[in-house]
Amino acid sequence: MPLLEQSFYEKNALELAESLLGKLIVKDTPEGRASGIIVETEAYMGAEDRAAHSYGNRRTRRTEIMFGKAGSVYTYQMHTHTLVNVVAAEVDTPQAVLIRAVEPVEGLHLMEKRRPGRKQVEWTNGPGKLTKALGIAMSDYGSHYTVPPLQLFEGWEHGDFEIATGPRIGIDNTGEARHYPWRFFVKGNPYISR
DNA sequence: GGGATGATCCCA
DNA sequence: GGGATCATCCCG
């Protein structure tokens, strides 16, 4: 299965969020490989998006990688959880796409071990859950999706699934931005969050 | 140094 | 519906 090349990432976050659906995200660790098909994403459109960490070009240690090269890995801590993003657009345009849900493909035994006592559908049906299941951590911050150990590959054929949109989740205090339909998901997929 | 703040999860 | 729980940020 072909690796997604640099040029794939060089588009704005809205376009990238939609193109990432159906792609395969792969994480290699000493324990082995775990992977899943991306079935839900959200676009964060940078300086003008009140819901984005980089709103108003806010540039800190945490957001620094959003200003970097498209295809860079942006990981972020939320309470006790790690969330993972794909950096979009050109350098100094701080946009990113949050990966909210995946459908497990490889390393099911690893995921089960990392999500003990949960039903399979609960392994990866949320942004904090899928990082745990795949073994994605803050150590992946600043890496790039074209190099190991965290990579993106072509997955499902285009046209084999239907795309739906809706408002983003968990950004209630962001004015007009909370209503924008910047969440993308595979219609009918059982691993969609919430 | 300290207080406020979450792009969440899990249990009640 | 609310508490857990903590890295990060910003102000002082």
Side-chain angles (χ1 to χ4, degrees), chain A residues 9 12-21 25 36 38-68 70-89 93-104 111-143 145 150 152 164-186 190-194:
Chain A
Y9 301 99
N12 75 43
L14 280 170
E15 296 172 44
L16 185 61
E18 181 164 353
S19 344
L20 281 170
L21 293 178
I25 184 167
I38 297 172
V39 297
E40 182 178 356
T41 59
E42 281 178 359
Y44 286 87
M45 287 294 280
E48 287 94 56
D49 180 1
R50 276 196 59 184
H53 292 153
S54 53
Y55 176 61
N57 280 313
R58 214 160 78 102
R59 190 165 189 154
T60 67
R61 236 185 2 268
R62 179 177 72 160
T63 63
E64 182 60 34
I65 198 65
M66 291 185 76
F67 293 79
S72 295
V73 180
Y74 174 34
T75 48
Y76 154 70
Q77 293 287 141
M78 177 60 171
H79 288 76
T80 56
H81 308 288
T82 304
L83 278 57
V84 69
N85 298 254
V86 183
V87 173
T93 301
Q95 304 182 2
V97 176
L98 172 68
I99 299 176
R100 287 196 57 91
V102 307
E103 176 175 318
M111 299 194 206
E112 183 169 29
K113 195 165 108 192
R114 291 164 175 164
R115 301 277 302 141
R118 326 260 169 205
K119 294 179 299 182
Q120 178 164 338
V121 76
E122 313 259 314
W123 292 351
T124 55
N125 67 341
K129 301 178 192 178
L130 72 91
T131 54
K132 189 106 188 288
L134 294 176
I136 296 170
M138 284 308 293
S139 53
D140 290 303
Y141 181 97
S143 179
Y145 286 103
L150 180 56
L152 283 167
T165 65
R168 293 174 292 179
I169 291 176
I171 54 159
D172 294 342
N173 300 315
T174 55
E176 282 302 299
R178 65 173 289 194
H179 303 298
Y180 300 164
W182 288 357
R183 172 173 172 250
F184 299 83
F185 56 98
V186 173
Y191 291 89
I192 301 306
S193 66
R194 294 195 143 176

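A, B, ... follow the sequence lines: proteins, then strands. Residue 1 opens every chain.
To the nearest 0.5 Å, atom CG of residue Leu150(A) and atom OH of residue Tyr145(A) are 5.0 Å apart. Thr124(A) contributes atom OG1, which lies 6.0 Å from atom OH of Tyr191(A) (distance to the nearest 0.5 angstrom). Atom CD1 of residue Ile171(A) and atom OH of residue Tyr180(A) lie 9.5 Å apart, to the nearest 0.5 angstrom. A distance of 11.5 Å separates CE in Met66(A) from CZ in Arg59(A), rounded to the nearest 0.5 Å.
The residue from Val102(A), Leu83(A), Val84(A), Ile99(A) that alone fulfils the side-chain contact (heavy atoms from CB on, under 4.5 Å) condition with Pro127(A) is Leu83(A).
Within 4.0 Å of Arg118(A), counting heavy atoms only, lie sugar-phosphate atoms of the nucleic acid but no base atom. Residue Arg61(A) is classed as a sugar-phosphate contact, given heavy-atom separations below 4.0 Å to backbone atoms only. Note on Leu98(A): a base of the nucleic acid sits closer than 4.0 angstrom, heavy atoms only. Heavy atoms of Asn173(A) sit nowhere under 4.0 angstrom from any nucleic acid atom.
Between Thr60(A) and dC9(C) there is a side-chain N or O to OP1 or OP2 distance below 4.0 Å. An OP1 or OP2 oxygen of dC9(B) is reached within less than 4.0 angstrom by no side-chain nitrogen or oxygen of Arg194(A). Of the side-chain N and O atoms in Arg100(A), one or more sit less than 4.0 angstrom from OP1 or OP2 of dT8(B). Between dA7(C) and His79(A), no contact under 4.0 Å exists linking OP1 or OP2 to a side-chain N or O. Checking the phosphate oxygens (OP1, OP2) of dC10(B), a side-chain nitrogen or oxygen of Arg115(A) falls inside 4.0 Å. Residue Arg178(A) places no side-chain N or O under 4.0 Å from the OP1 or OP2 atom of dA7(B). Look at Tyr76(A) and you'll find a side-chain N or O under 4.0 angstrom from OP1 or OP2 of dA7(B).
Nucleotide dG3(C) forms a pair with dC9(B), judged by Watson-Crick or G-U wobble geometry with both contacts under 3.5 Å.
When rounded to the nearest whole Å, the span between CG of Asn85(A) and C1' of dT8(B) equals 14 Å. Whole-Å rounding puts the Ile65(A) CD1 to dT8(C) P distance at 14 Å. In this structure, Arg59(A) places its CZ atom 13 Å from P of dC9(C), rounding to the nearest Å. One interatomic measurement links the two molecules: NE2 of His53(A) to P of dT8(B), which rounds to 9 Å at whole-angstrom precision. Nucleotide dT8(C) holds its C1' atom 16 Å from the NE2 atom of His81(A), rounded to whole Å. Between Arg168(A) atom CZ and dG6(B) atom C1' there is a gap of 15 Å when expressed in whole angstrom units. Regarding Trp182(A), its CH2 atom lies at a distance of 14 Å from the C1' atom of dA7(B), rounded to whole Å. As rounded to whole Å, 14 Å separates atom P of dT5(C) from atom NZ of Lys132(A).
Between Gly170(A) and Glu122(A), the residue anchored nearer the 5' end of DNA chain B, judged by the nucleotide with its closest heavy atom, is Gly170(A).
When the nucleotides dC9(B), dA7(B), dG6(B) are ranked by their closest atom to the side chain of Lys129(A), dC9(B) comes out on top. Among the nucleotides dC9(C), dT8(B), dC6(C), the one closest to the side chain of Thr80(A) is dC6(C). Distances were taken from every side-chain heavy atom of Leu83(A) (C-beta onward) to each of dA7(C), dC9(B), dA7(B); the shortest belongs to dA7(B).
Put simply, the side chain of Ser193(A) never gets that close to the backbone of Arg100(A): no donor and acceptor are under 3.5 Å apart.
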